[in-house]
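Note that these values count all heavy atoms, side chains included, but never hydrogens, waters or copies made by symmetry. Keep in mind that this is a model prediction, so the values were computed, not measured. Order of the sequence lines fixes the chain letters, A, B, ..., with proteins taken first and strands second; residue numbering starts at 1 for each chain.
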Amino acid sequence: MLEISGLRAGYGAVEILRGVDLRVDAGEIVALLGSNGVGKSTLNNNVSGLYVPFAGRIVFQGRDISGATPRSIVESGLIQVPEGRRVFPNLSVRENLELGSYRRGRARRAANLARVTDIFPRLKERFTQKAGTLSGGEQQMLAIGRAMMAEPTLLILDEPSLGLSPLLVETMFALIQKLNVDGLAILLVEQNVVQSLAIAHRAYVLENGVVAMSGPAQDLAADPGLRRSYLGL
Amino acid sequence: MSADIVFAGVVNGLMAGGVYVLVAVGLTLIYGVLHIINFAHGSLLMLAMYAVYFLFRKPLGLDPYAALPLVTAGAFAFAYLLYRGVIGRFAHGKDENILLITLGLSIVADNAALFFFTGDTQTIDVSYAGRFLQLGPALIPLPKLVSFLASLLICALLGLWMAFTDTGKAIRAVAKERQGARLVGIDVENIFAIAYGIGIACLGAAACLLMPFFYVSPSSGHAFVLIAFTTVVLGGMGSFAGALIGGLLIGIVESLGGLRFGEQLGQIAIPLVFILVLLLRPTGLFGGR
């Protein structure tokens, strides 16, 4: 579904990703792991079209989208939930969700609105409240709900557990798994290695702009090297 | 001052305030979305007023009120293209560049107007210019009443449009969260151009409402921009409601200032308000942080 090959990208003259290969197939949860600053968000921003890669190919559903506009990438069903949520603070929860279907899924907006508020009853309670007044966890729900409004075929979640309480992190991962069971392909970009590996099918570990390790999630979870560097075991 | 005179002053101030609201709404909308003061605001208002003037003259002879839809739509189209072709293109994503470009545009527009239209003031003569309405002790010139009502109506329609359409919501979203907007597929550059277009369309409408009782010269936009800027600061930068209340308040302040200190010296009331707001409530009446 998503196939990244030889991706080189960065900001200005600084190259951060130095040839990354990564694949997400239909129905999969793929975890992209790595500590702060290894280039996870750079990868997201290039896949979503916010930046133009230096080199390499990003193919989504058979179309090369490297250098395409964010608008056309959203149109094709690849939706990113960015790090830091990026909800519209001055708009109500409802308006945030409605804008989720600004470019895609507009025809079924009402049905999707009902579906999203079923998944997140909390958002329904806060429907007319400004998004800026929500708690961090609620904003994360809103950001995911907004993405769901666009009927994604592939959902990229950038650090969905960041800044959430341990209990909420559990809930969030359970929810991600549920979305996947319902058929959605997910690229999960996380620093939280243990919980990500628990729900992912496959995983990639990014270090210094290259993929240092990849494979089925269970194998990686058992890898002594990974356990030493990321789990302190 | 007797109560009657004060009442008449307040009513006349309110009437004048209508157009101030319209000009200020345009300025505050552009500020809210693009985060810049549009220095070309006065010059574009002046150009729109010349458009009304030339449409009124032979051979077209178009009444300014009849010309309102045309001039408003024309102003939108002109400003949209101006943004796409000049402002957005040369800004290179930097807000401070937009500031300089709009300043440059205003210098070019003012001097082009001086060159092509000369520095003479021009007025148009409409049959209804001398008609008055009696409201208690206040005499309201008909064109001022029309400008007041039409300005508020246009602002109300714009407010509804911003609240309930997808494009309106997208404009508000872009104002606060550009990256998030891109990620839901909003074409942010296009929204910038639309917001700029709407801001200037307000000036097109204002020009049609002004011309029956005002004059145009290459510098006639400046007076309004000073007032609009004070309005926006008084109401709160980027606030719609602030522009509305602020515009009407400024109209009243100006009118009462004129009554108390005379037409010329009374103008001092406006910068006085400006200074007081900055001293007492720098965020304005409705401004957030």
Side-chain angles (χ1 to χ4, degrees), chain A residues 41 44-45 47-51 68-107 109 128 130-133 139 142-152 155-158, chain B residues 25 28-35 84 88-89 92-94 158-195 198 232 235-243 283-284 286-289:
Chain A
S41 292
N44 282 346
N45 291 339
V47 171
S48 292
L50 297 176
Y51 293 93
T69 61
R71 170 189 164 163
S72 76
I73 291 170
V74 167
E75 226 154 41
S76 66
L78 197 169
I79 314 290
Q80 187 196 156
V81 179
E83 185 184 346
R85 313 27 152 155
R86 302 271 182 192
V87 296
F88 307 121
N90 53 331
L91 268 58
S92 71
V93 166
R94 188 201 175 104
E95 288 171 328
N96 267 272
L97 292 174
E98 285 170 345
L99 280 184
S101 55
Y102 179 85
R103 187 62 64 192
R104 190 181 148 89
R106 196 183 295 214
R109 175 176 286 179
T128 55
K130 292 251 158 67
T133 67
Q139 288 193 10
L142 179 57
I144 295 177
R146 185 178 69 182
M148 296 305 293
M149 291 296 293
E151 305 178 341
L155 189 65
I156 300 183
L157 295 167
D158 196 346
Chain B
V25 159
T28 211
L29 176 71
I30 293 171
Y31 174 80
V33 178
L34 295 163
H35 305 162
R84 293 240 84 148
R89 171 169 306 179
H92 302 294
K94 291 213 178 81
L158 182 58
L160 289 174
W161 184 83
M162 291 281 287
F164 293 114
T165 65
D166 266 20
T167 310
K169 287 174 203 159
I171 290 175
R172 288 185 292 136
V174 166
K176 292 285 181 198
E177 183 48 73
R178 294 177 186 180
Q179 199 82 313
R182 288 199 176 90
L183 289 172
V184 299
I186 293 172
D187 184 345
V188 171
E189 280 301 310
N190 192 43
I191 291 293
F192 285 162
I194 290 176
I198 293 173
V232 168
M237 306 285 281
S239 161
F240 239 72
T283 56
F286 293 83
R289 279 187 307 119

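Looking only at side-chain heavy atoms (C-beta outward), A:Glu151 and A:Ile79 stay at 4.5 Å or farther from each other. A:Asn44 places none of its side-chain heavy atoms less than 4.5 Å from the side chain of A:Pro82. Two residues are said to be in side-chain contact when any heavy atoms from C-beta on lie closer than 4.5 Å; A:Phe88 and B:Glu177 meet this criterion.
Taking each heavy atom of B:Thr28 and B:Gly238 in turn, the nearest pair found is OG1-N, 2.8 Å.
Under the 4.0 Å criterion applied to side-chain N and carboxylate O atoms, A:Arg109 and B:Asp166 are assigned as salt-bridge partners.
Between chain B and the residues A:Val81, A:Val87, A:Leu99, the largest count of heavy-atom pairs under 4.5 Å involves A:Leu99. Put simply, of A:Ile73, A:Thr69, A:Asn90, the one with the most heavy-atom pairs under 4.5 Å next to chain B is A:Asn90. Of the listed residues (B:Val184, B:Val174, B:Val188), the greatest number of heavy-atom pairs within a distance under 4.5 Å of chain A belongs to B:Val184. Per-residue counts of heavy-atom pairs under 4.5 Å with chain B were compared for A:Met149, A:Arg106, A:Arg85, A:Glu75; the largest is that of A:Arg106. Your options are B:Gly185, B:Ala170, B:Ala175, B:Gly180, and the one with the most heavy-atom pairs under 4.5 Å with chain A is B:Gly185.
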